[in-house]
Amino acid sequence: MAAVLLVLAVLLAPAVLVAAAPAARAEPEPKAPPEFVALSEVDPTILQEIRYTTAHNFVGDPIDGYRKPMCLLTRDAAEALRRAQWKLLWRGYSLKVYDCYRPQRAVDHFVEWAQDLGDQRMKEEFYPRVDKTRLFSDGYIAERSGHSRGSTVDLTLVRLPAWPTRPYVPGEPLTPCFAPREERFPDNSVDMGTGYDCFDTLSHTLDPRITGEQRANRLLLKEALEEVGFVNYEAEWWHYSFRREPFPDTYFDFPVHPRSLTGR
């Protein structure tokens with residue numbers, strides 16, 4: 001009988017040990033500091049088309065960290081956009097944001113994708129004239145982004161009244177982002193000469209090949225944002241950073257979601 005009890009004790013011991021082990025706890029998601037707000041709470045009239053929550057981007061998949069299609073920004077940057085929007089509305093235009101705060105995990109997703117030379121699903125639209133091996137050296141992809149500091153925004157202008165843009169269907173035929181507007185993927189914005197996130201020198205804000213109405217549209221956006229304290233990244237007509245950003249050296253990684261806002 002003693003031998004039987006000893007055998008049972010040995011057999012049961014692992015189960016007892018496993019049962020007694022403490023359960024692993026998931027690390028809580030980082031939260032935004034109180035200086036961050038949802039743009040829609042500051043100015044609900046600014047249109048939003050947050051591309052990285054969808055597959056219609058240069059990667060071809062929704063991007064890590066974008067849990068909800070919303071624009072998060074530092075309050076200072078959001079208030080500045082509100083001031084620009086007020087002036088533009090009087091002229092018959094609205095701002096439309098494509099991307100605002102971007103978590104570091106999303107930037108890491110871009111880097112991982114750029115290193116996978118076999119994945120070129122979206123090349124025909126977003127980088128048809130750029131070899132993917134040059135995305136880092138040409139400055140299209142980097143390991144850090146000003147977006148992660150919370151005061152940088154990608155945006156355009158929409159002539160009012162605004163008509164909806166149809167959703168992208170994964171796998172549909174792609175057209176180069178620098179093709180004539182009637183051939184590019186439809187966007188309810190004014191014609192800026194290229195689509196958003198177009199990896200091409202034609203996206204340079206003051207590229208001399210961009211003339212007429214397209215150039216005027218770019219300059220209208222530039223003027224409106226510079227008046228309220230933004231500065232343009234000259235290689236991308238859509239990219240603006242608030243000059244007096246409150247976190248010039250901090251790269252955040254909280255997800256794009258209402259729960260990330262402190263106290264909400």
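- Side chain of His257 to main chain of Arg259: a donor-acceptor pair is present (N/O by atom type, distance under 3.5 Å, no hydrogens or angles).
- Asn232 contributes a side-chain N or O that, together with a main-chain N or O of Glu236, makes up a donor-acceptor pair within less than 3.5 Å.
- The CD atom of Gln48 sits 6.0 Å away from atom OG of Ser40, with the distance rounded to the nearest 0.5 Å.
- Residue Glu29 qualifies as enclosed at atom CD: its count of foreign heavy atoms under 6.0 Å is above 12.
- Aromatic rings from His147 and Tyr101 are positioned such that their centres are separated by 6.0 Å or more.
- A salt bridge is absent between Glu226 and Arg243; no separation between the charged side-chain nitrogens and carboxylate oxygens falls under 4.0 Å.
- Ionic pairing of Asp187 and Lys96 is present here: one or more N-O contacts between side-chain nitrogen and carboxylate oxygen are shorter than 4.0 angstrom.
- Of the residues listed (Leu155, Leu88, Leu220), the one engaging Leu225 in a side chain to side chain contact (heavy atoms under 4.5 Å, CB included) is Leu155, and it is the only one.
- Contact between Ala77 and Phe230 at its shortest, heavy atoms only, is O-CZ, 3.6 Å.
- Using a 30° and 60° split on the angle between ring planes, Phe199 and Tyr127 fall in the tilted class, from 30° to 60°.
- With no hydrogens or angles considered, a side-chain donor-acceptor pair links Asp131 and Thr133 at under 3.5 Å.
- One N or O on the side chain of Thr165 and one on the backbone of Asn188 form a donor-acceptor pair closer than 3.5 Å.
- Residue Val228 comes nearest to Ala80 through the heavy atom pair CG2-O, 3.5 Å, listed as atom of the first residue, atom of the second, then distance.
- When ring centroids are compared, Trp238 and Tyr233 stay outside the 6.0 Å threshold.
- Across all their heavy atoms, Phe178 and Leu202 have their closest contact at CB-CD1, 3.7 Å.
- For Asp64, the side-chain contact (heavy atoms from CB on, under 4.5 Å) test picks out Arg105, His109, with sequence neighbours left out.
- The neighbour count for Gln120 CD, taken as heavy atoms of other residues, nucleotides or ligands under 6.0 Å away, is above 12.
- Under the 3.5 Å distance criterion, the side-chain polar atoms of Lys132 are matched with a main-chain donor or acceptor of Asp116.
- Seen from the ring of Tyr251, Arg144 counts as a face-on cation partner, given the 6.0 Å and 45° thresholds.
- Within the 4.5 Å cutoff, the side chain of Val107 has heavy atoms near those of the Ser148 side chain.
- Side-chain contact, Glu125 with His56: a donor N or O sits under 3.5 Å from an acceptor N or O.
- Asp200 places no side-chain N or O within donor-acceptor distance of the main-chain N or O of Ser203, the cut-off being under 3.5 Å.
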Verdict with supporting geometry, Phe252 and Phe247, ring-ring contact (aromatic ring centres under 6.0 Å, His included): CA-CA 10 Å; Phe252 296 100; Phe247 300 104; 5.1 Å; yes
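- Comment: Glu227 engages Lys87 in a salt bridge, judged by a side-chain N to carboxylate O separation of less than 4.0 angstrom.
- Side-chain rings of Phe36 and Phe254 approach one another, their centers coming within less than 6.0 Å.
- Contact check on Arg51 versus Asp154 returns no salt bridge, with no Lys/Arg side-chain nitrogen under 4.0 Å from an Asp/Glu carboxylate oxygen.
- Side-chain contact annotation: Thr45 with Gln85, donor-acceptor N/O pair under 3.5 Å present.
- Salt bridge annotation for Glu172-Arg166: present, with a cationic side-chain nitrogen under 4.0 angstrom from a carboxylate oxygen.
- Remark: side-chain polar atoms of Ser241 are not paired, donor with acceptor, to backbone N or O of Thr152 under 3.5 angstrom.
- Under the side chain to side chain donor-acceptor pair (under 3.5 Å) rule, Asp191 has a single partner from Arg181, Arg159, Gln214, which is Gln214.
- Salt bridge Arg102/Asp99: present, at least one basic N to carboxylate O contact under 4.0 Å.
- Here the CD1 atom belonging to Ile46 is positioned 4.5 Å from the CG atom belonging to Leu39, to the nearest 0.5 angstrom.
- Without hydrogens or angle criteria, Asn57 side chain to Tyr52 main chain gives no donor-acceptor distance under 3.5 Å.
- Judged purely by distance below 3.5 Å, without hydrogens or angles, the side chains of Thr53 and Arg67 never pair a donor atom with an acceptor atom.
- Here Arg82 contributes atom CZ and Glu41 contributes atom CD; the two are 14.0 Å apart, rounded to the nearest 0.5 Å.
- No side-chain donor-acceptor contact under 3.5 Å links Asp76 to the backbone of Pro246.
- Classification of Glu79 and Arg75 as a salt-bridged pair holds, one side-chain N sitting under 4.0 Å from a carboxylate O.
- Using cut-offs of 30° and 60° on the angle between ring planes, the pair Tyr196 and Tyr98 is parallel.
- Gln104 places a side-chain N or O within donor-acceptor distance of the main-chain N or O of Glu143, the cut-off being under 3.5 Å.
- The number of heavy atoms from other shown groups lying within 6.0 Å of CZ (Arg209) is above 12.
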